[in-house]
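Please read the structure below before turning to the comments.
Proteins get letters first, then strands, A, B, ... in listed order; numbering begins at 1 in each.
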There are 2 protein chains.
Amino acid sequence: MFSIGELSKRTKVKVPTIRYYEEMGLLPEAERTAGNQRRYDTAGLERLSFIRHARDLGFSIEAISSLIELQDHPDRSCEAATDIAASQLADVRAKIKRLKTLEKELSRISKGCDGDGMSEDCYVLASLADHGLCDQEH
Amino acid sequence: MFSIGELSKRTKVKVPTIRYYEEMGLLPEAERTAGNQRRYDTAGLERLSFIRHARDLGFSIEAISSLIELQDHPDRSCEAATDIAASQLADVRAKIKRLKTLEKELSRISKGCDGDGMSEDCYVLASLADHGLCDQEH
DNA sequence: TCTTGAACCTCTAGCCACTAGAGATCGTAT
DNA sequence: ATACGATCTCTAGTGGCTAGAGGTTCAAGA
């Protein structure tokens with residue numbers, strides 16, 4: 001049994017975040033000492049590691065909630081879990097696509113400036129003021 | 001002179017968002033009718049278009065604030081504006097990089113499942129539980 | 001001129017996933 | 001026994017809006 005600080009160190013999840021996860025129902029309510037401090041065992045450690053890994057991969061708290069539920073009901077869990085992962089993947093791909101469009105536009109705008117600093121018309125500002133100067137929609 | 005609703009239609013920025021921008025200082029306080037309703041002219045329209053375009057490109061409210069200040073002080077503005085745009089570009093590129101790592105990992109995890117749905121060990125759940133199964137850090 | 005009714009006003013609260021801080025209590029080492 | 005770091009709960013703040021309540025104003029039609 002170890003403290004929340006120890007759990008935090010081992011998982012690299014900050015202490016208030018652990019409490020937040022408990023409040024959100026991602027972690028079961030921890031056992032307490034006589035003095036009301038939380039104590040954890042390896043089960044808690046594993047669950048928090050799972051949560052952290054999923055968060056790192058961009059899964060929402062809600063999605064993680066679903067995944068945790070699925071862990072507890074192994075029948076049909078794989079299909080549903082794969083769905084959630086696939087949806088997360090689609091999300092990530094959509095974000096990449098959008099960001100690539102932005103990258104193109106921003107690098108075009110940035111390059112447009114001659115770096116002179118003395119020109120009375122700044123291409124960056126002009127581009128932002130007038131969407132017509134853009135290559136694509138974004 | 002036109003109403004906030006008209007401005008909203010022309011810029012495709014929602015009415016509460018316009019009020020929010022005013023509160024945040026991105027838009028100057030609008031003139032008012034005798035009955036306290038906001039009225040705008042083309043100057044307001046242009047500034048809001050600028051803001052919307054910059055937001056679409058992912059600039060933060062704070063960055064836009066700086067850009068607007070620069071508009072009003074044309075000396076040295078180009079250098080500073082280019083800096084802000086470059087920093088935004090770097091941000092976007094960093095995000096793309098991170099998302100690409102996630103994409104790889106997620107597609108690997110998703111493919112790991114045989115789609116059977118009957119296997120007692122779900123690869124998605126196993127992968128999330130054990131970071132050691134991952135190819136890379138993320 | 002009067003009456004609708006859509007558009008407007010302000011204010012508060014909610015979203016997500018935390019983060020920060022106050023002020024009090026606990027646990028452990030000396 | 002004391003010190004002091006770790007923990008507790010609670011509230012509020014972050015960014016960039018969005019939603020809703022409850023009240024007022026504007027403009028068009030009768």
Using OP1 and OP2 only, check whether a side-chain N or O of [X] sits under 4.0 Å from [N].
X       : N      : result
B:Thr33 : D:dC26 : yes
B:Tyr21 : D:dG16 : no
A:Thr17 : C:dA17 : no

Can a donor-acceptor pair be found, under 3.5 Å and without considering hydrogens, that links the side chain of A:Arg52 to the backbone of A:Thr11? yes
Counting only N and O atoms by type, is there a donor-acceptor contact under 3.5 Å from the side chain of A:Ser8 to the main-chain atoms of A:Ile4? no
Contacts of type side chain to side chain contact (heavy atoms under 4.5 Å, CB included), residue B:Lys97, not counting sequence neighbours: none
Below 4.0 angstrom, which residues in residues 94-102 of chain A have at least one non-hydrogen atom near DNA chain D? none
Please list, by residue number, the residues of residues 43-64 of chain B whose heavy atoms come closer than 4.0 Å to an atom of DNA chain D; answer none if no residue qualifies. B:Arg55, B:Ser60, B:Ile61
How about B:Leu89 and A:Ile109: do any of their side-chain heavy atoms sit closer than 4.5 Å? no
One should read off an interatomic distance between A:Ile51 CD1 and A:Ile61 CD1, to the nearest 0.5 angstrom, of 7.5 Å
Any pair with a residue in residues 82-94 of chain B that passes salt bridge (Lys or Arg N to Asp or Glu O under 4.0 Å), sequence neighbours left out, goes on the list, sorted by first then second residue, please. A:Glu103-B:Arg93
Residue pairs passing the salt bridge (Lys or Arg N to Asp or Glu O under 4.0 Å) test where at least one lies in residues 129-138 of chain A, sequence neighbours excluded: A:Arg108-A:Asp135
Atom [atom1] of [X] to atom [atom2] of [N]: distance rounded to whole Å?
X       : N      : atom1 : atom2 : result
B:Glu23 : D:dG16 : CD    : C1'   : 12 Å
B:Glu22 : C:dC9  : CD    : C1'   : 12 Å
B:Ile18 : D:dT18 : CD1   : P     : 11 Å
B:Tyr20 : D:dT18 : OH    : P     : 10 Å
B:Lys14 : C:dA7  : NZ    : C1'   : 17 Å

Counterpart residues, side chain to side chain donor-acceptor pair (under 3.5 Å), relative to B:Glu6 (two or more places apart): B:Arg10
Checking B:Gln88 now: which residues fulfil side chain to side chain donor-acceptor pair (under 3.5 Å) with it, not counting sequence neighbours? none
Parallel, tilted or perpendicular for B:His53 and A:His131, by the 30°/60° rule? perpendicular
Under the ring pair (Phe, Tyr, Trp, His ring centres under 6.0 Å) rule, what pairs show up with a residue in residues 2-27 of chain B, not counting sequence neighbours? none
List the residues meeting salt bridge (charged side-chain N to carboxylate O under 4.0 Å, His left out) with A:Arg55, not counting sequence neighbours, and say none if there are none. none
Would you work out how much the helix from C:dT1-D:dA30 to C:dT30-D:dA1 bends between its ends, with each end axis defined by five base pairs, to 10 degrees? 20°
Does the protein touch nucleotides 6-12 of chain D at the base, only the backbone, or not at all? Give it as B, S and - per nucleotide, heavy atoms under 4.0 Å. -SSB---
Quick one: side chains of residues 35-49 of chain A, donor-acceptor pairs under 3.5 Å with protein atoms, not counting sequence neighbours, listed by atom name and distance.
from	atom 1	to	atom 2	distance (Å)
A:Asn36	OD1	A:Arg32	NH1	3.4
A:Gln37	OE1	A:Arg39	NH2	3.1
A:Arg38	NE	A:Glu22	OE1	2.9
A:Asp41	OD1	A:Ala43	N	3.2
A:Asp41	OD1	A:Gly44	N	3.2
A:Arg47	NH1	A:Leu26	O	3.3
A:Ser49	OG	A:Leu45	O	2.8

